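Here's the structure, in structure tokens; my notes come after.
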Amino acid sequence: MTELIIASIMTMMTAATPLMFAATGELICERSGVLNLGLEGMMLIGAVFGFAAAAVTGNATLGLLVAATSGAFAALIFGILTLNLLSNQVATGLALTIFGTGLSALVGVDYVGETIDQIGSIHIPILSDIPIVGRLLFGHDPLVYLAILILLGASWFLSRSRWGMILRAVGDSDVSAHAIGYPVIAIRFAAVTFGGLMAGLGGGYLSLVYTPLWAENMTAGRGWIALALVVFASWRPARVLFGAILFGGITILQLNAQAAGLGIPAAFMSMLPYIATIVVLVLISRDAIKIRLNAPACLGRPFRAER
Amino acid sequence: MLRLEPRSTQSLSAAWLSPMLALVLTAVTGGIIFLAMGKDPATALYIYFVEPLTSSSGLSEVAVKAGPLVLIGIGLSFGFRAGIWNIGAEGQYIAGAIAGGGLAVFWYESTSAFLLPAMLLTGILGGMAWAAIPALLKTRFNANEILVSLMLVYVAELLLVHLVQGPWRNPMGWGFPGTRVFPDAATMPLLFTGKRVHLGSVLTLAVPFIAWFLLARTRFGFRIKLFGSAPLAARHAGVQSNRIIWQSLLIGGGLAGLAGVIEAAGTIGQLMPDISPGYGFTAIIVAFLGRLHPVGVLLAGIAIAVTYIGGESAQISAGLPKAVTGLFQGIILFYLLAFDLFTRYKIVLPSRQAVQQ
């Protein structure tokens, strides 16, 4: 029984990790005032290019780097369109998701059914061998720790660092930030690129560690769930951690329930993460004033320097 | 340096030119992609964009594919005009197919002439009901309609899979997921023998003109446009935002549901897991490519349908993966959004700038 619980918690963390990566990137992006709905597309692009690189070179770590880089390139397209050409952010994000779905399916054709060497869990002598707690604290794969570390780093960056405050200023009042002399467009570009980097990493985690294989549309809506997580977290990084673990938990719970065969049709169990997302959104958004206070004031608005 | 200056009104010529330019540049980009894949670009482009229009069976297939795209695209354009982002049309399409197709599953021996009209009606209601969820959650609880409508796509897909594998599965279907084949009374009559184009295409053709009338000639259309372009002015003029949210989501959901039931009762003739090749998502591109104008959406739906058919034949005759079609759709939208700049801004050259100042 203990073994089962430990195993469930371990897999819950792996289910939460891609969400943590993607949501942290999107959170930074949104704090700078840019809404990128292309998360799902960037994750798919990261997943397929990362997997392809790992399959060709046999090196999964290199695969992760490629995944992050390709996600960042995809974000650059979004940045050029929305920041330089002032296109509508919602429409452009949707375009990026459609583009990413098509591109990843095309690139992935040759890799369906291939396998790669997975990145394993870490094992620290003595520490990881402590009964129960040892594995829970020191037995995950290295990327789980990386995701948490980046999340904490983002939290520190936004609340404590100079550039984090400038980023928030740009997101809350682009006109004043520009008037003071901060390069609004450049800062937003950096934030968008970081968002792509993280989404690519999240996608790469799915195809290199979580499953590990490539299948068309394998993200299955995780990019959108990560977007909902940012709202759930009221744009605060630390709360992303809770949200991601909550959703990881729901995913694993329904998988375990399906395996246990509770008599509930499998399809209804599979609906759970999506329905949970809706429920959470409703609970959080109910308080319109709170949302307006927490959301970056310039979220989704294009910025054009007058002078 | 070049400078952007906002236009006081949208440029009409730029509005018509930018979709054309986007299509042309997508074809050029496509040629480069084909070249990179080691295919002859001229042949591949011909298969994609021209060949479907050269035979009567090709044209029939284009009409079959354009039908749902146009219906959903028109429905979405109402919401997009008002700034309501319903991107869950795929789910509303499936909900319509389930609701309407369900009648044919229950009365599978019926010969009644009322069955098909009843199915169309319940299909519309099914799509509306699915869209009512984001409308209710948006108006009552302020929940983001983009995320809610999208999550419901996955829920609808899973519900359909459950129904056709479980309670609604064809008892004589050797265990394959899918319902009984609909009876004749629940099937769209074909227009020509030997072609797949059916009555649904004719029904679809009427919708852009009704939509055009609504948008251009009624108070309702004016409110939608006002709400989208100047929400504050709209509020001062007494436009209720909740009403607009409900109206635009119900129209989008209803037309998507209609598209779903027409597809089930027409082209497919039963319910099965793959009743949509992503029509609900592609229709977003159709709506934008058609500049959210009903007649534009009709033309854009036909254009995108051509690439669907071209993609299918390219898969068979040139060995190109079907996914290329999806990639093209994304690229079209990228170009289109980039050119949108010129409908809203004009580029001012430095010399003219100096004169003006």
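Keep in mind that this is a model prediction, so the values were computed, not measured. By convention in this document, chain letters (A, B, ...) are assigned in the order of the sequence lines, proteins followed by strands, and residues within each chain are numbered from 1.
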So do [Y] and [X] actually touch side chain to side chain, heavy atoms under 4.5 Å?
X	Y	value
B:V153	A:W224	no
A:N88	B:F288	no
B:L158	A:F268	no

So which of [options] has the largest heavy-atom pair count under 4.5 angstrom toward chain A?
options	result
B:V148, B:I33, B:L150, B:V155	B:L150
B:F328, B:F339, B:W85	B:W85
B:L159, B:T325, B:I284	B:L159
B:I87, B:D340, B:L336, B:I133	B:I87

Interface moiety of [X] toward chain A, non-hydrogen atoms closer than 4.5 Å:
X	result
B:I285	side chain
B:L137	side chain
B:V161	neither
B:F334	both

Passing candidate, side chain to side chain contact (heavy atoms under 4.5 Å, CB included) with A:L227, options B:N144, B:L147, B:I146: B:L147
Side chain, backbone, both or neither: which part of [X] has a non-hydrogen atom closer than 4.5 Å to chain B?
X	result
A:F78	neither
A:L96	both
A:L81	side chain
A:V282	both
A:L37	side chain

Heavy-atom count around A:L293 CG within 6.0 Å, excluding the residue itself: above 12? yes
Counting only heavy atoms from other residues, nucleotides and ligands, does the tally under 6.0 Å from CD of A:E216 exceed 12? no
Please identify, among [options], the residue contributing the most non-hydrogen atom pairs under 4.5 Å to chain B.
options	value
A:I98, A:I284, A:L272, A:T82	A:I98
A:A95, A:A105, A:G41, A:S87	A:A95
A:T101, A:T97, A:I291, A:V90	A:V90
A:G102, A:A266, A:S270	A:G102
A:V109, A:L94, A:I80	A:L94

Find the distance between OG1 (A:T92) and CG (B:L337) and round it off to the nearest 0.5 Å. 4.5 Å
Rounded to the nearest 0.5 Å, the CD1 atom of A:I278 sits from the CE atom of B:M151 at a distance of 7.5 Å
Relative to each other, are the rings of B:Y154 and A:Y274 parallel, tilted or perpendicular (30° and 60° limits)? parallel
